[in-house]
Amino acid sequence: QQFWKDDAQARLLWEISQREFEGPAKNLIIFLGDGMGVSTLTAARTAKGQAAGLEGGEQDILSFEEFPHVALSRTYCVDSTVADSACSATAYLGGVKGNIGTMGVSAAVKYKECFGQLRPENHVSSIIEWARVAGKATGIVTTSSIVDASPTGAYAHVAYRGWYNDQEVLEDGGDPIVCDDIAE
């Protein structure tokens, strides 16, 4: 029992000893692990600990769990309890929930509804846009394609996450001259 009490006390003392930052942040980095819910983090922490030879492994800590500020976001879609990367990117980057398969647009835009995505009042601005308007330099770093759903939540306003280029819009019966794709 004492081991766990001492471990918890040491963690609490470490937490309160951390220097509080005052004033506005100079920079912001959003570290996103797509699909990394609480249960996935637990599994990763356990696997890391076991690989390091810790019995059980659950007591290990992932590097980003020691960042000074960490938050969780609820990323369900308006029309689906189980989110996909498109609607969840809109939720965590723009603060607005959309429909499954759509990104950067409000729930007023239905899945694959070209004309809905064209209406500016349906566009959701993201933290990238807010920073740009404030005169900040912005960027996106990704280990996936730049037109993949998670990164495009920062800049795209499309009714379907699969409209990577004109060909996909055509295949869904849309007019790529009228209906913008992600790459555009």
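Residue numbers start at 1 and run along the sequence shown. Predicted model only: the values in this text are computed from it and were never measured.
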*Asks:* Does atom CZ (F67) have a neighbourhood of more than 12 heavy atoms from anything else shown, all under 6.0 Å?
*Replies:*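 More than 12 within 6.0 Å, yes.
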
*Asks:* Name the orientation class of the two ring planes belonging to Y160 and Y111 (parallel below 30°, tilted from 30 to 60°, perpendicular beyond 60°).
*Replies:*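 Ring orientation, 0 to 90° scale: perpendicular.
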
*Asks:* How far does CZ of F64 sit from CG of L41, to the nearest 0.5 angstrom?
*Replies:*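 One gets 4.5 Å once the value is rounded to the nearest 0.5 Å.
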
*Asks:* Charged N to carboxylate O below 4.0 Å: is that the case for K112 and E168?
*Replies:*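 A salt bridge is absent here (no side-chain N lies under 4.0 Å from a carboxylate O).
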
*Asks:* Can you name the nearest heavy-atom pair linking G98 to C87, along with the distance?
*Replies:*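 For G98 versus C87, the nearest heavy atoms are O-CB, 4.0 Å.
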
*Asks:* For the residue pair I146 and I140, establish whether any side-chain heavy-atom pair is separated by less than 4.5 Å.
*Replies:*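 Yes, side chains in contact.
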
*Asks:* In terms of heavy-atom contacts, does CD of Q18 have more than 12 from other residues, nucleotides or ligands at under 6.0 Å?
*Replies:*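 More than 12 heavy atoms, drawn from other residues, nucleotides or ligands, come within 6.0 Å of this atom.
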
*Asks:* When rounded to the nearest 0.5 angstrom, what distance separates NZ in K48 from CD in Q59?
*Replies:*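 Answer for the NZ-CD pair, K48 versus Q59, is 10.5 Å.
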
*Asks:* Using a distance-only test with no angle check, is there a side-chain donor-acceptor pair under 3.5 angstrom linking E171 and Q167?
*Replies:*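 Yes, Q167 and E171 have a side-chain donor paired with an acceptor closer than 3.5 Å.
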
*Asks:* Using 0.5 Å steps for rounding, measure from the OG1 atom of T152 to the CD1 atom of I182.
*Replies:*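 If I round to the nearest 0.5 Å, the distance is 5.0 Å.
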
*Asks:* Which atom names give the shortest non-hydrogen contact between G101 and A86, and what distance separates them?
*Replies:*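 Result for this residue pair: C-CB, 3.9 Å.
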
*Asks:* Show, in sequence, the C-alpha distance, side-chain angles and deciding distance for E184 and D166, and conclude whether the side-chain contact (heavy atoms from CB on, under 4.5 Å) test is met.
*Replies:* CA-CA 9 Å; E184 189 172 334; D166 288 351; 4.2 Å; yes

*Asks:* For the side chain to side chain contact (heavy atoms under 4.5 Å, CB included) test, which of P151, S150, S85 pairs with S144?
*Replies:*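 Exactly one option meets the side chain to side chain contact (heavy atoms under 4.5 Å, CB included) with S144, and it is P151.
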
*Asks:* Count the heavy atoms belonging to other residues, nucleotides or ligands that lie under 6.0 Å from CZ of R119, then report whether that count exceeds 12.
*Replies:*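 At most 12 heavy atoms, drawn from other residues, nucleotides or ligands, come within 6.0 Å of this atom.
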
*Asks:* Which salt bridge (Lys or Arg N to Asp or Glu O under 4.0 Å) pairs, counting each pair once, include a residue from residues 78-106, with sequence neighbours left out?
*Replies:*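 Checked against salt bridge (Lys or Arg N to Asp or Glu O under 4.0 Å) - neighbours excluded - the pairs reaching residues 78-106 are D84-R161.
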
*Asks:* To the nearest 0.5 Å, what is the distance between CG (D172) and SG (C114)?
*Replies:*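 Nearest 0.5 Å value for the CG-SG distance: 10.5 Å.
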
*Asks:* Answer with yes or no whether the hydrophobic clustering places I127 together with Y92; edges join I, L, V, M, F, W, Y residues whose side-chain heavy atoms lie under 4.5 Å apart.
*Replies:*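 Shared cluster, yes.
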
*Asks:* Indicate the atoms forming the closest heavy-atom contact of N99 with T102, along with that distance.
*Replies:*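 Shortest heavy-atom separation between N99 and T102 comes out as O-OG1, 2.6 Å.
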
*Asks:* Considering non-hydrogen atoms only, spot the tightest contact between D181 and W163 and give its length.
*Replies:*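 So the two residues come closest at CB-O, 3.3 Å.
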
*Asks:* Do other residues, nucleotides or ligands put more than 12 heavy atoms under 6.0 Å from E121 CD?
*Replies:*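 Result for CD/E121: enclosed.
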
*Asks:* Heavy-atom count check: over 12 atoms from other residues, nucleotides or ligands less than 6.0 Å from L12 CG?
*Replies:*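 Yes, the 6.0 Å shell around CG holds more than 12 heavy atoms from other groups.
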
*Asks:* Among pairs that include at least one residue of residues 125-138, which meet side chain to side chain donor-acceptor pair (under 3.5 Å), considering only residues two or more places apart or in two chains?
*Replies:*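 Listed by first then second residue: S125-W130, E129-R132.
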
*Asks:* CD1/I61 to CZ/R11 distance, rounded to the nearest 0.5 angstrom?
*Replies:*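 The CD1 atom of I61 sits 4.5 Å away from the CZ atom of R11.
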
*Asks:* Could you tell me which non-hydrogen atom of E113 sits nearest to which non-hydrogen atom of A108, and how far apart they are?
*Replies:*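 Minimum heavy-atom contact is OE1-O, 3.7 Å.
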
*Asks:* Could you point out which residue of V124, L93, V158 forms a side chain to side chain contact (heavy atoms under 4.5 Å, CB included) with M103?
*Replies:*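 One option only clears the test, and that one is V158.
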
*Asks:* Any chance you could measure S106, atom OG, to N122, atom CG, to the nearest 0.5 Å?
*Replies:*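 Answer rounded to 0.5 Å: 4.5 Å.
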
*Asks:* Would you indicate whether F115, at its atom CZ, is surrounded by more than 12 heavy atoms from other residues, nucleotides or ligands within a distance under 6.0 Å?
*Replies:*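 No, not enclosed.
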
*Asks:* For a quick test of reading the model, state the closest non-hydrogen atom pair linking R45 to E58 and the distance between them.
*Replies:*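 Shortest heavy-atom separation between R45 and E58 comes out as CD-O, 3.2 Å.
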
*Asks:* Taking Q50 for the side chain and G57 for the main chain, is one N or O donor matched with an acceptor at less than 3.5 Å?
*Replies:*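 No: the side chain of Q50 does not pair with the backbone of G57.
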
*Asks:* Does the H157 side chain pair with the main chain of G104, one donor and one acceptor, at a distance under 3.5 Å?
*Replies:*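 Such a contact is found between H157 side chain and G104 backbone.
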
